[in-house]
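The chains referred to below are lettered A, B, ... by the order of the sequence lines, with proteins before strands, and numbering in each begins at 1.
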Amino acid sequence: MPPIDHFRDHYLHRDRAARAWKRAGGRVVGYLCDNVPEELIMAAGFLPYRLSGNPDAGPDALEHYIQPFAAPFSARNRGVGFVDAMLTMLLSGAFDFLDYLVIPHTRKTIQAFYRELTLARQVYPELALPELYYLDRAYTPFYTSEVFNRQRLLELKSQLELWSGQPITDAALAEAIEVTTESRQLLRQVANWRAADPPRLSGVDALQVFATAFFMPKPDHNQLLRALLEAPPERAPDAVVRLFVGGSPLDHLQLYELVESSGARVVAEDHCWGNRCAEFTLDAGLPPFEALADRYHRRPACSIDFPMARVVDRCVARACTANVDGALFFVLDNDGVHVWDTPDEVAALECNGIPSLYLNRQPYRIDDPEPLTSQIRQFVGTLGK
Amino acid sequence: VTERLESVNAIRAYQRTWLADARARAEAGEPFVISTSDEVEEILAAFGIPVLVINYWNFLITAQRKAQHFGEVLESRGYVGPHFFALGLASTLEPEGAPWGGLPKPALVVGATRHETELKITELWARELGCPCFPLDFNFASPYRQLPDDDWWTGIRDRWEDLVHPARLELRIEQNKALISYVELLTGRSFSWQALRQVMERVNAQMDVMSQAAQLIAGARPCPVTLRDQVSAYQTNWHRGTPAGLELAHAYRDEVEQRVKNRVAAYGRENIRLLYWSMQQEPDFHAYLQATYGAVFVGAPYGAMPQTYARTVYHDDPLRALSARHIFLFDMASTSWMLSEARRSGVDAVVAVEDASAYPSRFRQACESAGLRYVAVPRVSDDPEIRAILDKSFSHKI
């Protein structure tokens with residue numbers, strides 16, 4: 001099987017590696033979002049597994065177990081599709097291989113999982129949910145927040161030690177950091193491949209290569225990456241339009257497939273299932289734990305950041321570095337994170353000579369692709385090479 | 001319906017004169033601040049700096065039926081809805097049509113991470129106004145890992161330390177200190193511990209007075225104060241801890257007491273007593289309920305809230321008590337709190353704004369277990385669909 005097919009397979013069967021790990025006697029620590037230090041989890045001997053949504057998950061479990069707890073004058077912040085999908089899947093047993101779940105303070109609807117699942121379990125003890133751990137985090141970039149955030153990581157470390165029954169040594173942590181550093185280095189090479197002119201990897205495949213880093217043991221993923229990078233890469237047509245994708249996190253392939261069937265290639269993006277996975281290498285000059293604490297406070301991969309200019313600048317840099325012809329911003333319905341910074345990003349790209357198509361209020365599951373395809377084709381047509 | 005309370009008219013008038021005064025002072029070079037609600041009003045009161053609460057301004061825009069216009073302003077700039085929290089930003093983007101001639105230029109906008117969108121909106125607003133934005137982490141609305149007991153509100157004033165996470169509290173104290181230093185540098189004013197102590201004393205006194213008014217309303221038959229006036233009276237909360245806020249609260253409580261003594265009825269008919277469990281404005285369908293069924297709102301969360309603002313100050317540390325309140329004010333998802341209010345007001349039914357669902361909400365379950373009717377409507381407008389829901393609920397005897 002060609003290396004890329006392994007990534008496609010693991011993307012399609014996202015729980016396969018985790019279930020195999022579990023069958024072999026290991027324990028799995030699930031987590032949400034991209035700002036949980038998976039190195040700590042690895043150093044404790046667990047498999048870190050980042051949860052992702054499935055657009056076909058449906059709302060029933062959410063309606064049954066969670067929505068009834070919403071305050072009537074402050075209805076649960078429903079509607080960000082990938083968040084609801086993950087919660088639904090937790091409740092319906094799709095993640096029944098998880099032993100523990102780390103819930104970070106990122107989006108409010110993400111951090112609310114802790115309370116929502118706790119209440120649901122109190123009322124419905126039959127729900128097979130993992131043990132929950134709340135990882136608090138201050139959003140602000142200041143000194144006081146750094147102290148707070150570092151202390152919270154120390155507490156997470158202690159909890160992991162409690163779960164595993166043994167201390168996390170500096171050596172184990174250094175080893176885990178070495179593995180994730182190599183992962184990021186290899187993923188950067190993948191990012192460079194697809195950003196080449198012409199691109200040597202499709203956006204659809206790149207998305208699968210990046211995301212699977214969160215679904216399987218990192219050493220195994222690194223091995224697949226090495227094999228991929230040794231194989232002769234695909235060559236795209238020379239005249240392909242180079243697109244950048246910004247906006248909401250995309251944990252499925254529908255949009256990229258539409259774009260790449262419309263005469264364009266996604267050569268870079270700014271969301272937490274894509275290129276960002278290759279960024280934010282830890283500071284090798286710091287002791288292992290301090291490097292982690294520094295990275296997860298000072299350089300969060302998340303778009304929830306202050307000031308907003310940091311988010312906008314990073315977005316523009318990612319687009320400009322990839323030498324794109326245009327940008328497509330795809331913001332999901334009710335995504336309060338990206339509604340407010342996307343207009344600034346569009347304007348900043350315009351200043352850099354990069355035109356944008358801003359698609360907002362988009363559905364998580366694209367049931368009717370025709371209008372969207374038409375808009376994208378029209379936009380790509382204006383960028384024609 | 002009876003005349004509005006004079007004290008409530010005075011509260012409403014005070015809002016306008018307060019803003020006019022703040023504008024005049026700002027134009028004369030004095031500082032003015034815009035802030036998210038329930039954050040730093042007391043700190044700014046101790047500084048003697050007027051602060052406009054964003055939620056209040058947004059409610060005012062809504063009450064003046066301008067939400068749609070300013071929503072369209074935001075849409076035209078690429079900021080797609082929902083828009084409630086950003087209506088104030090819109091009124092700065094296009095100040096024509098802003099309530100009461102708009103806002104003066106502030107020295108500072110205080111942003112909070114109550115929701116990730118709120119921080120971004122306050123930052124955008126500050127940029128539009130040409131002033132800095134000071135962000136604070138955490139606040140009462142953040143769901144927390146520690147689930148409060150069913151009677152959390154009974155001990156919130158004295159046992160507040162038990163209801164907050166110690167690390168979050170220490171961080172909020174540090175961030176409040178940083179804000180104080182920043183405001184000192186920005187304005188050239190010195191913060192006074194003594195002034196904050198006095199503000200916190202006045203807050204507690206004011207909340208006691210407002211709670212007394214709420215208790216008088218809840219215990220009276222017939223209901224002496226309309227929902228509209230009860231909600232309007234809540235505006236005293238935006239002047240918490242100031243002499244004016246306390247004075248307005250006293251006048252309100254005294255007038256309510258007088259009405260109770262005189263057995264004044266707020267509504268013409270009071271066949272069915274209702275608790276409105278929503279933070280939204282008085283529903284448009286209230287007039288229909290009154291006219292058709294004599295069903296009237298006698299209470300709302302606004303009556304229960306004053307008790308949640310009071311905090312006992314320990315060890316001469318008012319900032320610690322205030323910081324704890326910043327990160328836990330009340331539990332919006334508490335069914336026991338709603339039931340307590342329903343019982344206190346002796347209502348026949350609870351009306352709530354809730355999306356339709358095949359699964360009954362915990363609030364419905366709690367009410368029905370307690371023998372109370374629960375009427376859920378998806379919105380506050382008065383339209384045929386809403387009337388059909390109300391007719392179904394009220395056309396037979398409760």
Checklist line | Heavy atoms from other residues, nucleotides or ligands near CZ of Arg310(A) exceed 12 (cutoff 6.0 Å) | finding: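 Counting other residues, nucleotides and ligands, CZ of Arg310(A) exceeds 12 neighbours.
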
Check: Does atom CD of Gln378(A) have more than 12 heavy-atom neighbours from other groups under 6.0 Å away?
Finding: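 At most 12 heavy atoms, drawn from other residues, nucleotides or ligands, come within 6.0 Å of this atom.
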
Item checked: Least distance between heavy atoms, Phe148(A) atom then Arg168(B) atom ->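 Of all heavy-atom pairs spanning Phe148(A) and Arg168(B), the closest is CE1-N, 3.8 Å.
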
Check: Which heavy atom of Ala167(B) sits nearest a heavy atom of Arg152(A), and at what distance?
Finding: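 It is CB-NH1, 3.3 Å.
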
Would you call [X] and [Y] a side-chain contact if the rule is heavy atoms closer than 4.5 Å?
X	Y	answer
Val339(A)	Thr117(B)	no
Arg362(B)	Val123(A)	yes
Glu123(B)	Pro307(A)	yes
Asp136(A)	Phe138(B)	yes

Notebook entry, point to check: Can a salt bridge be assigned to the pair Lys120(B) and Asp344(A) using a cut-off of 4.0 Å between side-chain N and carboxylate O?
Noted result: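 Here Lys120(B) does not pair with Asp344(A) in a salt bridge, since their nearest N and O are not under 4.0 Å apart.
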
Notebook entry, point to check: Between atom CD of Glu354(B) and atom CD of Gln67(A), what is the distance when rounded to the nearest 0.5 Å?
Noted result: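 Reported to 0.5 Å precision, the distance equals 8.0 Å.
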
Checklist line | Pairwise distance CZ(Arg137(A)) to CG(Asp137(B)) - rounded to 0.5 angstrom | finding: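 Between atom CZ of Arg137(A) and atom CG of Asp137(B) there are 9.0 Å.
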
Which region of [X], side chain (C-beta onward) or backbone (N, CA, C, O), has a non-hydrogen atom less than 4.5 Å from a non-hydrogen atom of chain B, or is it both or neither?
X	value
Phe69(A)	both
Phe142(A)	side chain
Ala309(A)	backbone
Thr342(A)	neither
Pro68(A)	both

Next item on the list: Answer with side chain, backbone, both or neither: which region of Pro135(B) has an atom nearer than 4.5 Å to a non-hydrogen atom of chain A?
Entry: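 Contact with chain A: backbone and side chain both.
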
Note to self: Is Arg364(B) in contact with chain A via its backbone, its side chain, both, or neither, using a 4.5 Å heavy-atom distance?
What the structure shows: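 Nothing of Arg364(B), per the 4.5 Å heavy-atom cut-off to chain A.
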
Check: What residues form a side-chain contact (heavy atoms from CB on, under 4.5 Å) with His286(B), not counting sequence neighbours?
Finding: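 If we apply the side-chain contact (heavy atoms from CB on, under 4.5 Å) test to His286(B), skipping adjacent residues, the hits are Leu227(B), Tyr267(B), Glu282(B), Gln290(B), Val296(B), Phe297(B).
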
Note to self: Counting only non-hydrogen atoms closer than 4.5 Å, can you tell me which residues of residues 170-184 of chain B sit against chain A?
What the structure shows: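 The residues closer than 4.5 Å to chain A, in numerical order, are Leu171(B), Glu174(B), Gln175(B).
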
Checklist line | Qualifying residues under ring pair (Phe, Tyr, Trp, His ring centres under 6.0 Å), relative to Trp340(A), sequence neighbours excluded | finding: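 Trp340(A) satisfies ring pair (Phe, Tyr, Trp, His ring centres under 6.0 Å) with Tyr79(B) only.
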
Margin query: Below 4.5 Å, heavy-atom pairs only: which of Thr140(A), Thr144(A), Ile304(A) has the largest tally toward chain B?
Written below: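 Ranked by contacts with chain B, first place is Thr140(A).
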
Notebook entry, point to check: Does Gln281(B) have any side chain to side chain donor-acceptor pair (under 3.5 Å) partners at least two apart in sequence or in another chain, and if so, which?
Noted result: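 Applying side chain to side chain donor-acceptor pair (under 3.5 Å) to Gln281(B) gives none.
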
